[in-house]
A.B. asks: 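This structure is in structure tokens; I'll ask about it shortly.
Order of appearance sets the numbers: ligands from 1, and atoms from 1 within every ligand.
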Amino acid sequence: MDKKKIVILTGAGISAESGLATFRSDNGLWANHKVEDVATIEGWHKNQKLVLDFYNQRRRELKTTYPNDAHKLLVDLEKKYDVTVITQNVDDLHERAGSTKIIHLHGELTKASDEYKHQVNDIGYEDINIGDKINDTQSRPWIVWFGEAVPEMENAITEVEKADIFIVIGTSLNVYPAASLLHYVKNEAEVILIDINQVRVNRPYKFINKKASEGVKELVDELMNIY
Ligand code: APR
């Protein structure tokens with residue numbers, strides 16, 4: 001019998017217990033940086049060094065940051081289910097935890113591209129500096145900035161439409177088109193949301209009001225024992 005399909009949408013909240021700041025909490029990234037300066041194409045054209053330094057700092061921090069139980073327990077689901085992780089996070093913690101099918105909607109810190117995002121190179125946790133070149137243009141972070149296209153969105157929708165169970169972990173669902181993935185979930189599919197705060201969702205869903213590591217443990221224990 002085919003494995004049931006689980007699709008998991010994650011946001012910054014799943015990496016909070018690894019020590020990475022979320023975006024919209026009191027001392028979040030957007031509380032300490034102006035989005036327009038570091039996460040828009042206009043900001044990039046205005047001050048490339050400021051943008052490079054912002055992502056260099058986050059990349060250096062990621063080097064000494066590790067997957068937490070939430071990332072790791074999701075991998076266990078792959079023993080019984082066909083699992084796809086769709087993440088808004090640009091960290092590599094799902095990869096390092098061992099998830100095998102991951103779609104990054106907003107790019108990846110460990111990659112760099114040319115100015116036009118035609119070629120993508122792995123750079124690990126290395127800095128990108130003014131003067132670094134790819135295809136004879138200034139290298140830039142492989143990040144989807146506000147206002148830029150989200151090339152992985154079609155792949156994500158295709159996965160979500162096939163989900164029997166759709167799990168949302170640690171995202172405020174504030175940002176589109178990522179948040180619109182909920183609209184592509186089959187009516188008969190089960191939706192489960194894990195968050196420390198209440199998040200508005202316009203369809204029936206099961207809410208696990210816990211931090212990610214505890215909520216994922218509770219959910220994985222249940223899912224590994226029902227079918
Ligand atoms: N456990 C579970 N949930 C948590 C935890 C935790 N330990 N800590 C925070 N959360 C929840 C918050 O309650 C919130 O709902 O995680 C969510 C984080 O929301 P945001 O900070 O808005 O992050 P996210 O939803 O991932 O942002 C989406 O916005 O700025 C862009 O590109 C950026 O990918 C990001 C996108």
Side-chain angles (χ1 to χ4, degrees), residues 7-44 51 54-55 57-59 61-62 65-74 85-95 97 102-111 117 140-153 156 160 166-182 191-202 205-220:
V7 176
I8 305 163
L9 174 64
T10 66
I14 197 170
S15 298
E17 290 166 84
S18 295
L20 294 182
T22 59
F23 290 95
R24 293 170 183 81
S25 59
D26 298 348
N27 60 348
L29 279 169
W30 298 151
N32 298 307
H33 299 82
K34 291 172 79 177
V35 176
E36 54 273 22
D37 288 347
V38 295
T40 64
I41 196 74
E42 294 77 14
W44 170 249
V51 175
F54 174 71
Y55 289 98
Q57 183 49 44
R58 293 179 65 199
R59 207 173 293 110
E61 182 188 29
L62 182 55
T65 302
Y66 302 93
N68 64 62
D69 285 348
H71 299 101
K72 293 175 193 166
L73 288 166
L74 292 181
V85 174
I86 300 171
T87 188
Q88 299 170 88
N89 299 340
V90 295
D91 63 53
D92 60 351
L93 298 179
H94 282 301
E95 284 83 354
I102 304 166
I103 296 174
H104 279 273
L105 290 178
H106 295 160
E108 298 175 68
L109 270 178
T110 58
K111 293 182 177 166
K117 302 185 91 173
R140 57 160 281 182
W142 177 248
I143 299 290
V144 175
W145 287 323
F146 286 97
E148 289 195 300
V150 182
E152 287 300 320
M153 195 60 194
V160 169
F166 187 68
I167 305 171
V168 180
I169 308 171
T171 174
S172 61
L173 293 174
N174 264 307
V175 171
Y176 287 78
S180 67
L181 285 172
L182 260 167
V191 175
I192 302 150
L193 197 140
I194 301 173
D195 202 296
I196 53 171
N197 293 316
Q198 182 68 38
V199 178
R200 195 180 39 77
V201 171
N202 297 328
Y205 65 103
K206 173 180 179 181
F207 181 44
I208 302 177
N209 185 198
K210 291 185 176 167
K211 62 182 188 177
S213 60
E214 289 171 11
V216 170
K217 176 166 180 14
E218 177 182 310
L219 181 57
V220 170

A.B. asks: Could you go through ligand 1 and list every pair where one of its N or O atoms sits under 3.5 Å from a protein N or O, giving the atom names and the distance to one decimal?
C.D. replies:
unit_1   : atom_1 : unit_2 : atom_2 : d
ligand 1 : 1 (N)  : Ala212 : N      : 2.9
ligand 1 : 13 (O) : Asp195 : OD1    : 2.6
ligand 1 : 13 (O) : Asn197 : ND2    : 2.9
ligand 1 : 15 (O) : Asp195 : OD1    : 3.4
ligand 1 : 15 (O) : Asp195 : OD2    : 2.7
ligand 1 : 16 (O) : Gly170 : O      : 3.3
ligand 1 : 19 (O) : Ser172 : N      : 3.4
ligand 1 : 21 (O) : Phe23  : N      : 2.8
ligand 1 : 21 (O) : Arg24  : N      : 2.9
ligand 1 : 22 (O) : Arg24  : NH1    : 2.7
ligand 1 : 22 (O) : Ser172 : OG     : 2.6
ligand 1 : 25 (O) : Thr171 : OG1    : 2.7
ligand 1 : 25 (O) : Ser172 : N      : 2.9
ligand 1 : 25 (O) : Ser172 : OG     : 3.4
ligand 1 : 26 (O) : Ala12  : N      : 2.8
ligand 1 : 27 (O) : Arg24  : NH1    : 3.0
ligand 1 : 29 (O) : Arg24  : NH1    : 3.1
ligand 1 : 29 (O) : Arg24  : NH2    : 3.1
ligand 1 : 30 (O) : Arg24  : NH2    : 3.2
ligand 1 : 30 (O) : Trp30  : NE1    : 2.7
ligand 1 : 32 (O) : His106 : ND1    : 3.3
ligand 1 : 34 (O) : Gln88  : O      : 3.0
ligand 1 : 34 (O) : His106 : ND1    : 2.9

A.B. asks: Provide the full list of salt bridge (Lys or Arg N to Asp or Glu O under 4.0 Å) pairs with a residue in residues 18-34, sequence neighbours left out, each pair given once.
C.D. replies: none
A.B. asks: Could you tell me which residues satisfy side-chain hydrogen bond (donor to acceptor under 3.5 Å, both in side chains) with Lys206, sequence neighbours excluded, listed by chain and number?
C.D. replies: Glu222
A.B. asks: Do side-chain atoms of Glu17 reach the backbone of Ala212 as a donor and acceptor pair under 3.5 angstrom?
C.D. replies: yes
A.B. asks: Are Thr110 and Asp92 close enough that a side-chain donor and a side-chain acceptor fall under 3.5 Å?
C.D. replies: no
A.B. asks: With no hydrogens and no angle check, is any side-chain donor or acceptor of Asn89 less than 3.5 Å from a backbone partner on Ala12?
C.D. replies: yes
A.B. asks: Who pairs with Thr22 by side-chain hydrogen bond (donor to acceptor under 3.5 Å, both in side chains), at least two apart in sequence or on another chain?
C.D. replies: Ser25
